[in-house]
Amino acid sequence: MKRYNPKDIETKWQKVWQEDKIYQAIDFAEKKKFVMLTEFPYPSGSGIHIGHTREYTIGDILARYKRMNGYNVLFPMGFDAFGLPTENYAIKNKVSPIKATDDNVAIFETQLKSLGLSIDWQRTFKTSDPSYYKWTQWLFLRFFKAGLVYQDETFINWCPFCKTGLANEEVINGRHERCDTLVEKKLLKQWIMRITDYADRLIEGLKTVDYPSKIADQQINWIGRSNGAQIKFNVSGSDKIIEVFSTRIDTIYSAACLILAPEHPMIKDIVNPKHKQTVNDYINSVKLKSEIDRQNIDKDRTGVFSGAYAINPINSKLIPIWIADFVLVNYGTGAVFGDIHDERDATFLKTHNIDATVSVVPKDQQLRDKVVSMTDIYTEDGYLINSERFDGLTSAKAREEILEYLVSKGQAQKKVNYRLRDWIFSRQHYWGEPIPIIHCPEHGAVAVPDEDLPVELPPVDKYEPTDNGQSPLSLIDSFVNTKCPICQQPAKRETDTMPNWAGSSWYYLRYFDAHNDLSFADKDKLDYWQNVDLYLGGMEHTTLHLLYSRFWHQFLYDQKMVPTPEPYQARRGQGIILGPDGLKMSKSKGNVVNPSDIIESGYGADSLRLAIAFIAPYDLTTPWNPEILGGTYRYLNRVWVLVDQIILRDSNQSVSEQEDKNIKQIMANLINKVGNDIELMNFNTAIAALMETLNGFYKIFNDVAINFNKDIWLDAISQYIKLLAIFAPHISEEIWRQKLNNKDSVHLSTWPVFNKNLLSTDNITIIAQVNGKMRATFILPTGTGQEEITKLVLNDQRVAKFIDQKSIKKTIFVKDKIINFVV
RNA sequence: GGGCGAGUGGCGGAAUUGGUAUACGCGAUGGACUUAAAAUCCAUUGGUCUUAAAGCCUUGAGGGUUCGAGUCCCUCCUCGCCCACCA
């Protein structure tokens, strides 16, 4: 008998599927729609990796399952083509980024197709296609016109290696997440998106969608909403006011000083001339420090006295104003009041010998003595002391009353602060969407008229970023010099480009209407397809792409341009597949597993897909085991061989009702189990059930005592192949059409149905316990009563000997499960 | 420091949510087939005592609740991921 050889069948069926267009999603079809979205890949030069394979295999299994269950499924694929790696690749290999992208996309398409994914390829695009980024630019201009984009000269995160500005989200531990270079602060004029305007909406919206708490919590923490008060401190002998944000206004009586960030704009106005030199020296020394040094929590708390004093609005006490670099300029107001009830402040006060008083103490007397004598720093909520008429209040109550009092005096207001920063949207690079703005000396920043979009990327000789912090586009006069759309006078184009997160912020909408030249997507098509029903992607995008695209979508909803307030109804994040050594795969460690190599090595795509779905729950980070492929290949081969054996076996004996029922029962249970597991995304146990059932089939098939009826077996194996088809589409199609002689594709067939009555079995295993310890099992008819079982069990030696002479104190009986005697 | 999660055989992992712990697969050992190897098939495979039957022990450690705990509660230990001077 011929062995199963994937090479004979996989590319053959891939071609047939493509020609027959069996995976096409149909706009406005009567069937219920299901949008299965997986994050589109960045087409890098190294081709698809095992992470892509896991994500798309899982998406494909679900897409196929939904399709067979009668849904009009949209399972699309595109390419997130703009970005630094392609630009770097182009520079290094001296090819144009357009050519590099085209080449890489071609490789990606071939590799993705070799996995047998049921993608509707008619809807594909690249974010670097002018026909696509025309709409990215158009959407940007909606933000611009709504006042949600602004230009500001600000200290931004600057990567000196990539020579570009970065969003806060792209900086990890003070380093650029892509190249690991230490990030610097640089003062640059930047385009910025007001994502903070949507901070509350981004939190609220999470309640209406189905995200795992892991993802929702991470977004909520990232947004970092905190309730507090903004308090005004007048500067003594000056008309200046310094505002301070605090969540602990209950500790205001212990405010020992004000501390300003070195970048605080008011320093120059308040500094005492006698201290000017030391203050300037300090600020300059901070500038020389790297971000990493500044963010080192364990370092000394440096700072200088400004010579000025502020007036505590609660009691008019004079407190010194200091400058210290542990205060961050871009959170809150860039100034804090320093007090003993915050660990950082307390260290600072101690280091610089600033007098401190305690104003909040714990209820417990012993703890209180410790705090009052200041041998311990108390940062929790407690009861107020040394706080005049607020003494004795709880912290929570005091926050209310002190705030109310200061508000009435006009010295404070209620304030919500966010850790989320506005989104730096400028990049000083070539390979991105040009920002469609024209700078006119007369009219300032003017939007490029819609009819002039797209602003196409001009060809350049050099893609290298410039040293002066401007994009290479600034060197092309024919691009830069233009006319103001308002006054027709000479004007200059914006030369910054958008970050690579721009194109991916709305790409899912484009799949609904991929080739529309009149709008980013037709309204009726949006109405039909929105929302994305399930979005699968990497956990690493939770605070980047996932947050950005929710922001864009919420804005588009406000503009009445999309029908739903949230883009993704459900989100799931897949785990990382590590190298066989348990470490993250990387070229330098030499532990990279290449999916294309596996397919070509002879195992084929089906074995690979099964291995990936079987190795662990999809959301678990787990090491790759190359040996598992042997297991999944052997399994598929055993399916292949059993089908052949059934077909070749030349007898159609009459079978008993029970024998008929047994097979049907096995299949009913399997269909039920696989269906339930897929709904819960338990792919590994679904495959285990398929394997287990196959083993069972072999046992029955080879049992000479059991009569063989070919019709019954062919029926069962046909159902079995349908279940297998979502995991291993090629071998299933080959068996379905070539061995079982079906005309149409198994992938157009419907998911098998089963008789629910068959799920309840006639006989069931009852566990007999003595004192909770299992002593024997009995196979009995379902529903056997307690009396009957008791009699049977007590007469059984295996149980009886543990009861012996002892008396039975209690009997616990759970129908169809256990009987337990307590002696 | 904050948030989230996890500890089950040699390994990846199951366990219908409190009811036979170790499903399924890998690996290993023995056997069949073969001149031989590969492939395939069959058997065994948590530990321990034992010729065997039978028993005892076992889900990171310790305690608790319960007739019964991998699952629930408390204490502790270890590991992973994300964030981190956020006032």
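Each chain gets a letter, A, B and so on, in the order the sequences are listed, and its residues count up from 1. Fair warning: this is a prediction, and the values are worked out from it, not measured in the lab.
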For [N], what is the paired nucleotide under Watson-Crick or G-U wobble rules, both distances under 3.5 Å?
{"N": "A69(B)", "result": "none"}
{"N": "C24(B)", "result": "G12(B)"}
{"N": "A61(B)", "result": "U75(B)"}
{"N": "U51(B)", "result": "none"}
{"N": "A43(B)", "result": "U29(B)"}
{"N": "U35(B)", "result": "none"}
{"N": "G80(B)", "result": "C4(B)"}

Can you tell me if the side-chain N/O atoms of [X] get under 4.0 Å from OP1 or OP2 in [N]?
{"X": "Lys214(A)", "N": "G5(B)", "result": "no"}
{"X": "Tyr331(A)", "N": "C85(B)", "result": "no"}
{"X": "Ser226(A)", "N": "A87(B)", "result": "yes"}
{"X": "Arg634(A)", "N": "C26(B)", "result": "yes"}

Atom-pair distance ([atom1] on [X]; [atom2] on [N]), nearest Å:
{"X": "Arg248(A)", "N": "A87(B)", "atom1": "CZ", "atom2": "C1'", "answer": "11 Å"}
{"X": "Tyr418(A)", "N": "C86(B)", "atom1": "OH", "atom2": "P", "answer": "19 Å"}
{"X": "Tyr211(A)", "N": "G5(B)", "atom1": "OH", "atom2": "C1'", "answer": "21 Å"}
{"X": "His541(A)", "N": "C81(B)", "atom1": "NE2", "atom2": "P", "answer": "18 Å"}
{"X": "Tyr603(A)", "N": "C26(B)", "atom1": "OH", "atom2": "P", "answer": "11 Å"}
{"X": "Asn637(A)", "N": "A38(B)", "atom1": "CG", "atom2": "C1'", "answer": "14 Å"}

Between [X] and [Y]: side-chain donor-acceptor atoms closer than 3.5 Å:
{"X": "Thr196(A)", "Y": "Asp422(A)", "answer": "yes"}
{"X": "Glu55(A)", "Y": "Gln574(A)", "answer": "yes"}
{"X": "Thr302(A)", "Y": "Tyr282(A)", "answer": "yes"}

How would you label the contact of [X] with the nucleic acid (heavy atoms, under 4.0 Å): base, sugar-phosphate, or nothing?
{"X": "Phe802(A)", "answer": "sugar-phosphate"}
{"X": "Asn676(A)", "answer": "nothing"}
{"X": "Arg225(A)", "answer": "nothing"}
{"X": "Trp222(A)", "answer": "sugar-phosphate"}
{"X": "Val244(A)", "answer": "nothing"}
{"X": "Lys773(A)", "answer": "sugar-phosphate"}
{"X": "Val822(A)", "answer": "sugar-phosphate"}
{"X": "Gly631(A)", "answer": "sugar-phosphate"}

* **Set of side-chain hydrogen bond (donor to acceptor under 3.5 Å, both in side chains) partners for Lys207(A), sequence neighbours left out** =>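 Result, side-chain hydrogen bond (donor to acceptor under 3.5 Å, both in side chains) vs Lys207(A): Glu204(A).
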* To do: Decide, for G55(B), between syn and anti: a glycosidic angle within 90° of 0 counts as syn, anything else as anti.
  => anti
* Could you classify U17(B) for me, syn or anti, using a glycosidic angle within 90° of 0 as syn? =>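 It is syn.
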* Hey, is the side chain of Arg301(A) pairing donor to acceptor with the base of C85(B) inside 3.5 Å? ->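 A donor-acceptor contact between them is present.
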* Under the 3.5 Å rule, do the base of C41(B) and the side chain of Arg638(A) count as making a donor-acceptor pair? ->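 Side chain to base: no pair below 3.5 Å.
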* Tell me, please, which residues at least two apart from His541(A) pass ring pair (Phe, Tyr, Trp, His ring centres under 6.0 Å). =>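 Checked His541(A) against ring pair (Phe, Tyr, Trp, His ring centres under 6.0 Å); zero matches.
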Expressed as a whole number of Å, how far does the [atom1] atom of [N] sit from that of [M]?
{"N": "G7(B)", "M": "A14(B)", "atom1": "C1'", "result": "16 Å"}
{"N": "A6(B)", "M": "G18(B)", "atom1": "P", "result": "15 Å"}
{"N": "A69(B)", "M": "C73(B)", "atom1": "P", "result": "16 Å"}
{"N": "G80(B)", "M": "C33(B)", "atom1": "C1'", "result": "48 Å"}
{"N": "G46(B)", "M": "U51(B)", "atom1": "C1'", "result": "23 Å"}
{"N": "A15(B)", "M": "C24(B)", "atom1": "P", "result": "13 Å"}

Got a list of side-chain donor-acceptor pairs under 3.5 Å for residues 775-787 of chain A, not counting sequence neighbours?
| residue | atom | partner | partner atom | Å |
| --- | --- | --- | --- | --- |
| Thr782(A) | OG1 | Thr761(A) | O | 2.5 |
| Thr782(A) | OG1 | Asp762(A) | O | 2.9 |
| Thr784(A) | OG1 | Pro781(A) | O | 2.5 |

* Asked: Got more than 12 heavy atoms from elsewhere within 6.0 Å of NZ, Lys584(A)?
  -> no
* Heavy-atom neighbours of Glu540(A) CD exceed 12 at 6.0 Å ->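 Check passes, neighbour count above 12.
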* Structure fact -> Side-chain atoms of Arg344(A) come closest, of C24(B), G55(B), C86(B), to C86(B)
* To do: Compare the minimum distances between each of G3(B), C85(B), G55(B) and the side chain of Asp325(A), then state the nucleotide with the smallest one.
  => C85(B)
* Asked: Given that Gly224(A) and Gly630(A) both sit by RNA chain B, which one's nearest nucleotide is further toward the 5' end?
  ->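 First, find each residue's nearest nucleotide; the 5'-ward one identifies Gly630(A).
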Which donor-acceptor pairs under 3.5 Å do side chains of residues 611-629 of chain A form with protein atoms, sequence neighbours excluded?
| residue | atom | partner | partner atom | Å |
| --- | --- | --- | --- | --- |
| Thr621(A) | OG1 | Ile576(A) | N | 3.2 |
| Asn625(A) | OD1 | Glu627(A) | N | 3.0 |

* Encode nucleotides 9-20 of chain B as B, S and - characters from 5' to 3', where the letter depends on protein heavy atoms closer than 4.0 Å: B to the base, S only to sugar-phosphate, - to neither. => ---BSS----BB
If you look only at distance, which donor and acceptor atoms sit under 3.5 Å apart when one is on a side chain in residues 694-704 of chain A and the other is two or more places apart or in another chain?
| residue | atom | partner | partner atom | Å |
| --- | --- | --- | --- | --- |
| Asn695(A) | OD1 | Arg638(A) | NH2 | 2.8 |
| Tyr698(A) | OH | Arg638(A) | O | 2.7 |
| Tyr698(A) | OH | Leu642(A) | N | 3.4 |
| Asn702(A) | ND2 | Tyr698(A) | O | 3.2 |
| Asp703(A) | OD1 | Ala705(A) | N | 3.0 |

